[in-house]
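In listed order, ligands and their atoms are each counted from 1. Residue numbers start at 1 and run along the sequence shown. On a predicted model such as this, the values are computed, not experimentally measured, just so you know.
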Amino acid sequence: MTFDRKIKIAPSILSADFANFGQECKAIEAQGADWVHIDVMDGHFVPNITFGPSTVKALKPHVKTVMDVHLMIAPVDPYIDAFAEAGADVITAHVEAGPHIHRTLQAIRSAGAKAGLALNPGTPVAAVEQLLDMVDLICVMGVNPGFGGQKFIHSQLDKIRALRSMIGDRPIHIELDGGCDPSTAPLIAQAGADVLVAGSAVFRGGSVSKPEVYGDNICAIREAAVGAMA
Ligand code: DX5
Ligand code: ZN
């Protein structure tokens, strides 16, 4: 995984066909996805349940780009090794998931993955100040985590701008997760995010037998974001 600030589109398989994840991952990558975003939910930290490390492991052979695993679980630490062994390239934990996020980030890096830190919409940007040298990615939630297809919370744009200036030259990705579509992508990119997660806006209208719709949707988000930077 090399670092750059080019716009990357990371479709979230939360909006894919749950009976067909392997083919869905292949389809979005063939249609231009830069990363594959995998939402792990536990029904405790968030009010929804998805899947765990064995599903992530089963997906690994189907993902050739970057496996970006977003853990919406608490506690996190007992599961880090399992997700790293499953092949996660990035493991993102929430700052709100427990009292020892510093230890969690250390454990993610020691397990050999890139360390991501996610912030819920209600969490201030100051929460990351003491952690900047321990993270490879900061994920700003554009919605309250748990479900796809929610409306973007515009106040998160200020958080992205503040983070962008706090990060300076450090090689830290800013990811925006939730509510990203061709109408919000320009604002998100201008504010300073480089990884744009999109679930419903990528999978809407397509399927593994109509994958070109995924390609059109990915292109529309990318063009909107890149166009806004020109
Ligand atoms: C929300 C998840 C997101 C979600 C994004 O809890 O972390 O990744 O799938 O979905 P959209 O793009 O539909 O807002
Ligand atoms: Zn996510």
- Message: Looking at every heavy atom in both P121 and P145, which two are closest together, and how far apart are they?
- Response: CD-CD, 4.4 Å
- Task: Flag yes if more than 12 heavy atoms outside K60 fall under 6.0 Å of its NZ atom; otherwise flag no.
- Result: yes
- Can you list the atoms of ligand 1 that are under 4.0 Å from a heavy atom of G148? 10 (O), 13 (O)
- Message: Suppose I only count heavy atoms of H70 and a 4.0 Å limit; which atoms of ligand 1 are within that range?
- Response: 7 (O)
- Query: Is it the case that one hydrophobic cluster holds both M229 and L187, taking links as side-chain heavy atoms less than 4.5 Å apart, direct or via other members?
  - Reply: no
- Message: If the cut-off is 4.0 Å to any non-hydrogen atom of M141, which atoms of ligand 1 fall inside it?
- Response: 7 (O)
- Among protein heavy atoms, which lies nearest atom 13 (O) of ligand 1, and at what distance? S200 OG, 2.5 Å
- Query: What are the atoms of ligand 1, with element, lying closer than 4.0 Å to any heavy atom of M72?
  - Reply: 6 (O), 7 (O)
- If the plane angle is over 60° it's perpendicular, under 30° parallel, otherwise tilted; pick one for F203 and Y214. perpendicular
- Query: Is ligand 1 under 4.0 Å from a heavy atom in the side chain of P145, in the backbone, in both, or in neither?
  - Reply: both
- Under a heavy-atom criterion of less than 4.0 Å, does G178 contact ligand 1? yes
- Pair D77 + R103, salt bridge at N-O below 4.0 Å: no
- Any side-chain heavy-atom pair from L119 and V140 closer than 4.5 angstrom? no
- Looking only at protein heavy atoms, what sits closest to atom 6 (O) of ligand 1 is G146 N, 2.7 Å
- Would you mind counting protein N, O or S atoms that sit less than 2.8 Å from the Zn ion (ligand 2)? 4
- CZ (F147) with more than 12 external heavy atoms under 6.0 Å: yes
- Query: Does D34 pair with K6 as a salt bridge, N-O distance under 4.0 Å?
  - Reply: no
- Number the atoms of ligand 1 from 1 as they appear, then name those within less than 4.0 Å of a heavy atom of M41, with their elements. 6 (O)
- What residue and atom, counting heavy atoms only, is the protein's closest point to atom 12 (O) of ligand 1, and at what distance? G199 N, 2.7 Å
- Task: Could you check if a side-chain atom of H173 sits within less than 4.5 angstrom of a side-chain atom of F3, using non-hydrogen atoms only?
- Result: yes
- Item | Heavy-atom check, side chain of V66 versus side chain of V90, under 4.5 Å | yes
- Query: Which of the listed options, L71, V143, D39, holds the heavy atom that is closest to atom 2 (C) of ligand 1?
  - Reply: D39
- Task: For D39 and S12, run side chain to side chain donor-acceptor pair (under 3.5 Å): C-alpha distance rounded to whole Å, both residues' side-chain angles, the deciding distance at 0.1 Å, then the answer.
- Result: CA-CA 7 Å; D39 285 311; S12 161; 2.6 Å; yes
- Message: A quick test of your reading: do over 12 heavy atoms of other residues, nucleotides or ligands sit less than 6.0 Å from NZ of K114?
- Response: no
- For the residue pair D136 and I172, establish whether any side-chain heavy-atom pair is separated by less than 4.5 Å. no
- Item | Atoms of ligand 1, numbered as shown, that sit under 4.0 Å from any heavy atom of V197 | 8 (O)
- Query: Starting from atom 14 (O) of ligand 1, which protein heavy atom do you reach first, and at what distance in Å?
  - Reply: G179 N, 2.8 Å
- Task: Number the atoms of ligand 1 from 1 as they appear, then name those within less than 4.0 Å of a heavy atom of D177, with their elements.
- Result: 2 (C), 3 (C), 4 (C), 5 (C), 7 (O), 8 (O)
- Item | Near-ring test H62/F21, centroid separation under 6.0 angstrom | no
- Note on the structure: For S12, the atoms of ligand 1 under 4.0 Å from one of its heavy atoms are 8 (O), 9 (O)
- Message: Under 4.0 Å, counting heavy atoms only: does F147 come that close to any atom of ligand 1?
- Response: yes
